[in-house]
Amino acid sequence: MAMIHGMTDLLAIAGSFSEKHGGQRLRVSHWRRDDDGGFMRCFDTDPGSDGEPQVLIVPGRLSGPVTPEEAAPYARWLLNRHAQGATLVSNCGGAFLLASTGLLAGRRVTTHWAFVDAFRERFPDVMVDPDKMVIEDGDIITAGGLMAWTDLGMRLVDRLLGPTVMMETGKFLLIDPAGREQRHYSSFAPTLTHGDEAILKVQHWLQAKGARDVGVREMAAEAHMEERTFLRRFRAATGLKPTEYTQKLRVGKARELLEFTNRPVDQIAWSVGYEDPGAFRKVFNKVTGLPPGDYRRRFGVSGQA
């Protein structure tokens with residue numbers, strides 16, 4: 001509901017700036033299913049106007065992604081609107097409904113980082129990129145987590161009303177028009193329900209050790225496997241190479257230390273298992289999209305010891 005009403009306000013504010021420059025306002029409607037199974041406008045900023053919607057935005061919801069059964073009637077309606085020229089847009093878990101149309105096959109999209117595994121399992125033919133906040137692909141636009149609607153709204157204003165109006169809207173609403181990325185915010189949530197007990201044992205072992213001073217040989221020994229067998233089974237179970245997995249665990253601990261302590265970055269690098277601070281900075285930037293110092297300035301809690 002915050003996305004629906006917040007986006008409505010954002011587009012109204014953008015429209016007022018557009019009018020000052022001699023441009024247009026945007027007509028904004030809310031749609032719902034009627035008793036006959038069709039769709040009707042239940043809110044309209046210009047109820048006297050005719051015409052089909054040019055852009056349809058599918059929001060997420062707090063209860064999680066829609067099931068295939070829930071999605072079916074909406075997917076058919078969206079397909080019909082798309083066939084008539086509408087651009088289809090999703091925010092957060094709304095990507096599941098959009099993917100149910102079949103239009104996302106082979107395309108690169110984003111959704112909430114916490115839903116990525118479920119999305120990939122349900123739509124294996126869609127290329128999901130959880131790092132991006134917004135991905136534009138012509139007639140399909142997808143946005144990431146719950147509050148990514150603000151970034152999405154700015155993209156739509158830029159597309160529909162131009163960059164000048166977009167910048168003025170951002171300044172008025174205190175929204176940074178520069179691109180953000182989901183990986184600045186997402187935490188590592190390893191897959192633990194894969195059913196491979198030997199790999200799960202290694203995952204728990206790595207968590208307890210903080211992934212410090214371990215390599216593939218030690219992990220394979222903990223799993224009582226040959227290295228080649230371990231590498232194959234670990235990737236099949238977790239979706240990651242062991243080195244990628246340990247990097248994410250170490251970076252996760254480093255993020256916590258950067259947020260809640262004032263310890264120097266080099267000391268944090270050493271404490272999470274990196275002897276070379278330069279290598280740590282490179283890995284941290286790769287995983288989070290920010291250098292450690294920038295991450296601390298953005299997310300650190302001041303005054304902590």
Side-chain angles (χ1 to χ4, degrees), residues 92 108 110-117 120 128-135 142-152 154-155 170 174-192 202-219 234-235 238-305:
C92 195
R108 192 168 67 94
T110 191
T111 187
H112 194 294
W113 60 266
F115 298 151
V116 170
D117 289 342
R120 284 176 174 154
V128 61
D129 183 352
D131 289 341
K132 300 301 182 184
M133 195 71 77
V134 179
I135 293 178
T142 53
L146 289 169
M147 293 304 295
W149 70 261
T150 58
D151 302 81
L152 174 60
M154 297 296 283
R155 292 289 187 96
L174 304 183
I175 298 174
D176 185 356
R180 297 184 296 156
E181 298 186 35
Q182 281 203 97
R183 59 181 172 163
H184 299 167
Y185 306 90
S186 61
S187 58
F188 179 43
T191 302
L192 301 173
V202 173
Q203 289 178 270
H204 290 318
W205 178 70
L206 287 171
Q207 192 72 47
K209 289 179 63 67
R212 285 175 52 87
D213 304 320
V214 293
V216 173
R217 179 181 300 178
E218 291 79 12
M219 287 186 264
F234 189 92
R235 185 158 193 175
T238 67
L240 297 168
K241 297 177 182 177
T243 51
E244 295 171 332
Y245 190 95
T246 55
Q247 282 179 352
K248 287 179 179 291
L249 283 179
R250 292 174 182 177
V251 167
K253 181 61 177 177
R255 289 168 74 150
E256 180 183 333
L257 293 172
L258 287 166
E259 290 171 21
F260 295 106
T261 78
N262 291 323
R263 292 165 64 179
V265 171
D266 287 5
Q267 187 181 109
I268 289 175
W270 179 85
S271 70
V272 299
Y274 288 90
E275 295 182 2
D276 180 359
F280 164 73
R281 286 179 167 85
K282 185 176 180 179
V283 169
F284 190 93
N285 200 348
K286 177 183 176 183
V287 173
T288 68
L290 291 170
D294 289 353
Y295 184 90
R296 169 173 273 163
R297 280 187 288 274
R298 181 174 292 193
F299 299 109
V301 178
S302 61
Q304 295 288 336

**Prompt:** By side-chain contact (heavy atoms from CB on, under 4.5 Å), which residues pair with Lys132, not counting sequence neighbours?
**Reply:** Arg108, Asp129, Ile135, Glu181
**Message:** Going by ring pair (Phe, Tyr, Trp, His ring centres under 6.0 Å), name the residues that satisfy it together with Tyr274, two or more places apart in sequence or in a different chain.
**Reply:** Phe280
**Message:** Restricting to non-hydrogen atoms, name the atom on Gly145 and the atom on His112 that form the minimum distance, rounded to 0.1 Å.
**Reply:** CA-CD2, 3.4 Å
**Message:** Tell me the closest heavy-atom pair linking Phe115 and Cys92, and the distance in Å.
**Reply:** CE1-SG, 4.1 Å
**Message:** Just so I know, are the side chains of Val216 and Phe234 near enough to count as touching, which here means a heavy-atom distance under 4.5 Å?
**Reply:** no
**Complete:** When rounded to the nearest 0.5 Å, the distance separating CZ of Arg212 from CH2 of Trp270 is 5.5 Å
**Prompt:** What's the shortest heavy-atom distance between Met133 and Ala148, and which atoms?
**Reply:** SD-CB, 3.7 Å
**Message:** Rounded at 0.5 Å granularity, tell me how far OG1 in Thr142 sits from CG in Leu152.
**Reply:** 9.0 Å
**Message:** How close do Thr110 and Ala143 get, counting heavy atoms only, and between which atoms?
**Reply:** CG2-C, 3.6 Å
**Request:** Please check if atom CD in Glu244 has more than 12 non-hydrogen atoms from other residues, nucleotides or ligands closer than 6.0 Å.
**Result:** yes
**Complete:** Note: Val265 and Pro292 closest approach over all heavy atoms is CG1-CB, 3.9 Å
**Sub-4.5 Å side-chain heavy-atom contact between Phe299 and Leu290** = yes
**Message:** Suppose we screen for salt bridge (charged side-chain N to carboxylate O under 4.0 Å, His left out). Which residues come up paired with Glu256, at least two apart in sequence or across chains?
**Reply:** Lys253
**Item:** Residues in side-chain contact (heavy atoms from CB on, under 4.5 Å) contact with Trp205, at least two apart in sequence or another chain
**Value:** Val202, Lys209, Val214, Glu218, Met219, Glu222
**Request:** List in chain and number order the residues that pass side-chain contact (heavy atoms from CB on, under 4.5 Å) with Met147, two or more places apart in sequence or in another chain; answer none if no residue qualifies.
**Result:** Trp149, Thr150
**side chain to side chain donor-acceptor pair (under 3.5 Å): pairs with one or both residues in residues 278-288, sequence neighbours excluded** = Asp266-Arg281
For residues 245-252, run the donor-acceptor check on the side chains, cut-off 3.5 Å, and write out each pair with its distance to 0.1 Å, sequence neighbours left out.
{"residue": "Tyr245", "atom": "OH", "partner": "Gln203", "partner atom": "NE2", "Å": "3.0"}
{"residue": "Thr246", "atom": "OG1", "partner": "Pro242", "partner atom": "O", "Å": "3.2"}
{"residue": "Thr246", "atom": "OG1", "partner": "Thr243", "partner atom": "O", "Å": "3.0"}
{"residue": "Arg250", "atom": "NE", "partner": "Ala211", "partner atom": "O", "Å": "2.8"}
{"residue": "Arg250", "atom": "NH2", "partner": "Ala211", "partner atom": "O", "Å": "2.8"}

**Item:** Nearest non-hydrogen partners of Ala254 and Val272, listed with the distance
**Value:** N-CG1, 3.9 Å
**Request:** Only pairs at least two apart or in different chains count here, so list each side chain to side chain donor-acceptor pair (under 3.5 Å) that has a residue in residues 290-300.
**Result:** His184-Arg298, Arg255-Tyr295, Glu259-Tyr295, Asp294-Arg297
